[in-house]
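In what follows, a single structure is set out as structure tokens and then discussed.
Keep in mind that this is a model prediction, so the values were computed, not measured.
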Amino acid sequence: LLTGCRSIGRSFLRLYNIVPPTMERMVYHSYQGTGIISFNKSIAEFCIKGKSLEGMIARERRRDVRKVRFAVIYDDSNSMTSWWRNMTMVDTVTENDSPQTYAKVACLSLMEGLGRDAEISLWKYGTEARGPFNTTTNMYREIIASNGSGGSRLDLALQSVIDNGWDKKTGAKIMIILTDGLPEIGRSVYAEDVIASVATLDMIRKLINHKTH
């Protein structure tokens with residue numbers, strides 16, 4: 001499964017040119033056999049300290065790779081599963097065609113495709129929010145073992161992201177939300193579900209203001 005997802009992820013990254021953002025800057029330093037000699041700065045250094053090999057200034061362009069942080073928000077609600085859809089709907093949905101199967105493959109493809117180029121944190125949510133998980137805290141097992149855990153409290157997951165301080169970290173921040181519908185508490189009470197949706201929108205605005213994509 002991981003090998004197949006790794007191939008999907010790498011193909012996706014090549015297709016859409018998703019790479020960690022880089023920044024180039026010019027660096028000046030004493031000439032040590034590398035770089036291009038900067039005549040203007042070398043002459044200025046000679047005027048201050050006299051002519052010497054130590055006064056030769058070289059310049060070179062260096063590329064800094066910015067840290068990229070991904071937050072994957074995975075919907076583990078009952079409605080993502082085939083067993084819930086078969087129990088509540090007329091049409092039969094196989095496990096291969098259930099939303100959670102596509103979501104699991106999408107998560108694993110992203111994680112395997114990015115490899116070590118980015119930091120990935122996973123949050124799962126159903127009736128409750130759980131996380132963050134990463135490669136050292138059974139992130140893969142948490143995804144594969146998911147099979148429905150109640151409602152769809154996206155608002156609690158986003159609140160956990162904010163409480164964890166993920167949106168205030170340095171680098172480029174990208175959040176991916178995998179879900180099959182609107183936030184809901186799970187008791188089929190319209191007023192409660194509206195409150196969850198409004199809270200979700202408020203937190204999404206807050207994350208965007210903190211430069212989360």
Side-chain angles (χ1 to χ4, degrees), residues 1 5 9 12 18 67-85 88 93 95 98-114 118-213:
L1 176 63
C5 289
F12 180 84
I18 299 176
K67 185 71 174 178
V68 183
R69 304 180 192 275
F70 282 87
V72 179
I73 315 299
Y74 178 88
D75 186 351
D76 188 33
S77 62
N78 290 344
S79 61
M80 292 280 286
T81 66
S82 63
W83 63 262
W84 183 89
R85 289 174 179 255
T88 58
V93 179
E95 189 61 49
S98 66
Q100 77 166 358
T101 300
Y102 288 103
K104 287 179 181 180
V105 172
C107 276
L108 295 173
S109 299
L110 174 69
M111 294 168 183
E112 289 297 293
L114 288 171
E119 175 188 286
I120 303 175
S121 301
L122 169 73
W123 276 265
K124 291 170 54 176
Y125 68 94
T127 302
E128 299 177 348
R130 298 182 301 283
F133 303 102
N134 51 46
T135 53
T136 60
T137 56
N138 297 325
M139 179 169 63
Y140 290 93
R141 181 178 297 178
E142 288 291 335
I143 293 173
I144 294 172
S146 299
N147 196 31
S149 59
S152 183
R153 297 301 304 274
L154 177 56
D155 57 322
L156 297 182
L158 295 179
Q159 186 63 61
S160 178
V161 171
I162 293 172
D163 291 344
N164 187 260
W166 178 86
D167 57 314
K168 296 180 181 178
K169 293 182 178 180
T170 59
K173 297 180 289 292
I174 301 172
M175 175 176 288
I176 298 173
I177 301 174
L178 294 167
T179 182
D180 68 336
L182 298 173
E184 53 155 351
I185 291 179
R187 295 191 290 232
S188 298
V189 179
Y190 177 75
E192 291 181 342
D193 295 342
V194 168
I195 292 173
S197 294
V198 170
T200 298
L201 290 173
D202 287 342
M203 279 178 277
I204 288 176
R205 292 191 188 97
K206 184 173 183 179
L207 288 165
I208 291 173
N209 289 336
H210 288 174
K211 297 183 179 180
T212 298
H213 301 281

Under a 4.5 Å cut-off applied to non-hydrogen side-chain atoms, are [X] and [Y] in contact?
X	Y	value
Val161	Trp166	yes
Trp123	Met175	no
Leu158	Ile204	yes
Met80	Ser77	yes

So, does [X] use its side chain to make a donor-acceptor pair with the main chain of [Y] at under 3.5 Å?
X	Y	answer
Ser121	Ala71	no
Thr101	Glu95	yes
Ser160	Leu156	no

Quick check for you: to the nearest 0.5 Å, what is the distance between [X] atom [atom1] and [Y] atom [atom2]?
X	Y	atom1	atom2	result
Ile162	Lys206	CD1	NZ	5.0 Å
Ile144	Leu108	CD1	CG	5.5 Å
Thr200	Gln159	OG1	CD	10.0 Å

**Request:** Identify, with sequence neighbours excluded, every residue that meets salt bridge (Lys or Arg N to Asp or Glu O under 4.0 Å) alongside Arg187.
**Result:** Glu192

**Prompt:** How would you list, by chain and number, every residue that makes a salt bridge (Lys or Arg N to Asp or Glu O under 4.0 Å) with Asp75, sequence neighbours excluded?
**Reply:** none

**Request:** For the pair Thr179 and Tyr125, evaluate side-chain contact (heavy atoms from CB on, under 4.5 Å) and give the outcome as yes or no after the intermediate values.
**Result:** CA-CA 10 Å; Thr179 182; Tyr125 68 94; 3.3 Å; yes

**Item:** Minimum-distance pair of heavy atoms, taken over all atoms of Arg153 and Ala196
**Value:** NE-CB, 4.4 Å

**Asked** Can you list the steps and then say if Tyr74 with Phe133 is a side-chain contact (heavy atoms from CB on, under 4.5 Å)?
**Response** CA-CA 11 Å; Tyr74 178 88; Phe133 303 102; over 6 Å; no

**Asked** Do other residues, nucleotides or ligands put more than 12 heavy atoms under 6.0 Å from the NZ atom of Lys169?
**Response** yes

**Message:** Assess the residue pair Ile120 and Asn134 against the criterion (side-chain contact (heavy atoms from CB on, under 4.5 Å)); give the C-alpha distance rounded to whole Å, side-chain angles, the decisive distance to 0.1 Å, and a yes or no.
**Reply:** CA-CA 6 Å; Ile120 303 175; Asn134 51 46; over 6 Å; no

**Item:** With Ser146, the side-chain hydrogen bond (donor to acceptor under 3.5 Å, both in side chains) member among Gln100, Lys104, Lys124
**Value:** Lys124

**Item:** Residue pair Arg69, Thr170: steps toward the side-chain contact (heavy atoms from CB on, under 4.5 Å) verdict
**Value:** CA-CA 9 Å; Arg69 304 180 192 275; Thr170 59; 3.6 Å; yes

**Item:** Electrostatic pair Arg130-Asp76, nearest N-O below 4.0 angstrom
**Value:** yes

